[in-house]
Amino acid sequence: INMQSAFLIASKRYTEKQAGALFFVFGISQFLFQTPAGYIMDYSDKKVHLLAFAAIATTTLTVITAMTAEENGANLGWMIFIKFL
């Protein structure tokens with residue numbers, strides 16, 4: 001997260017407030033989905049498949065966040081949506 005924050009601030013001229021809001025939403029989404037995800041993993045017979053899907057999805061969404069970032073946080077709403085997923 002720190003590398004992505006540094007990238008957004010240095011390369012895309014995001015303010016610290018914009019980067020903070022983006023990563024606040026990311027933290028809240030982790031908080032909201034961690035318990036349901038743990039429940040699903042506890043009662044699933046396909047743990048490896050679910051974990052692989054989660055890893056690929058997380059990586060993909062992180063790359064999409066970095067690739068679609070616009071200068072000065074012009075698309076901050078889109079970025080927040082992607083981080084919430």
Side-chain angles (χ1 to χ4, degrees):
I1 291 177
N2 291 332
M3 291 300 293
Q4 193 174 27
S5 179
F7 167 76
L8 292 173
I9 291 171
S11 298
K12 299 295 184 176
R13 294 192 284 268
Y14 274 53
T15 65
E16 288 183 13
K17 185 177 179 180
Q18 290 170 322
L22 186 62
F23 291 105
F24 172 76
V25 169
F26 177 68
I28 291 297
S29 70
Q30 282 185 321
F31 174 75
L32 292 174
F33 292 107
Q34 191 168 18
T35 300
Y39 179 82
I40 291 169
M41 288 297 287
D42 285 345
Y43 293 100
S44 174
D45 293 332
K46 299 182 180 188
K47 289 177 176 47
V48 174
H49 293 101
L50 289 172
L51 185 59
F53 172 76
I56 291 168
T58 301
T59 303
T60 302
L61 290 171
T62 300
V63 170
I64 288 171
T65 302
M67 291 178 60
T68 61
E70 293 183 6
E71 297 289 325
N72 300 313
N75 64 339
L76 188 61
W78 168 251
M79 301 285 283
I80 288 173
F81 175 73
I82 291 294
K83 278 296 181 190
F84 187 75
L85 294 177

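Since this is a predicted model, take the numbers as computed values, not measurements.
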Asks: Flag yes if more than 12 heavy atoms outside D42 fall under 6.0 Å of its CG atom; otherwise flag no.
Replies: yes
Asks: Between K12 and M79, is a side chain to side chain contact (heavy atoms under 4.5 Å, CB included) present by the stated rule, with each step listed?
Replies: CA-CA 13 Å; K12 299 295 184 176; M79 301 285 283; over 6 Å; no
Asks: Kindly give the heavy-atom pair with the smallest separation between A69 and L8, and that separation in Å.
Replies: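 Looking at all heavy atoms of both residues, the closest pair is CB-CD2, 3.6 Å.
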Asks: For the ring pair Y14 and F7, is the centre-to-centre distance below 6.0 Å?
Replies: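 Between Y14 and F7, the centre distance exceeds or equals 6.0 Å.
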Asks: Following the transitive rule for hydrophobic clusters with a side-chain heavy-atom cut-off under 4.5 Å over Ile, Leu, Val, Met, Phe, Trp and Tyr, establish whether M67 and I82 coincide in one cluster.
Replies: no
Asks: Consider side-chain contact (heavy atoms from CB on, under 4.5 Å). Of V63, I64, T58, which one does T60 pass it with?
Replies: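 Result: among V63, I64, T58, I64 is the only option passing the side-chain contact (heavy atoms from CB on, under 4.5 Å) with T60.
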Asks: If hydrophobic clusters are built by linking Ile, Leu, Val, Met, Phe, Trp and Tyr wherever their side-chain heavy atoms come under 4.5 Å apart, do V48 and L50 end up in the same one?
Replies: no
Asks: Any chance NZ of K46 has more than 12 other-residue heavy atoms, nucleotides or ligands included, within less than 6.0 Å?
Replies: no
Asks: Around E71, counting heavy atoms of other residues, nucleotides and ligands shown, do more than 12 lie under 6.0 Å from its CD?
Replies: yes
Asks: In Å, rounded to the nearest 0.5 Å, how long is the span from CZ of F24 to OG of S29?
Replies: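 Here the rounded value is 10.5 Å.
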Asks: Could you pull out the closest heavy-atom pair between Q18 and N72, with the gap in Å?
Replies: NE2-O, 3.3 Å
Asks: Please report the shortest heavy-atom distance between L22 and I80, naming the atom on each side.
Replies: CD1-N, 3.6 Å
Asks: Would a single hydrophobic cluster contain both V25 and F33, if residues Ile, Leu, Val, Met, Phe, Trp and Tyr are joined by side-chain heavy-atom contacts under 4.5 Å?
Replies: yes
Asks: Working to the nearest 0.5 Å, report the span between CZ of F81 and CG of L61.
Replies: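 Between F81 CZ and L61 CG, I get 9.5 Å after rounding to 0.5 Å.
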Asks: Students often mix this up, so state it plainly: with edges at 30° and 60°, are the rings of F26 and F23 parallel, tilted or perpendicular?
Replies: perpendicular
Asks: Taking all atoms of both residues into account, what is the closest heavy-atom pair of A74 and E70, and its distance?
Replies: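 Heavy-atom minimum between the residues: CB-OE1, 3.4 Å.
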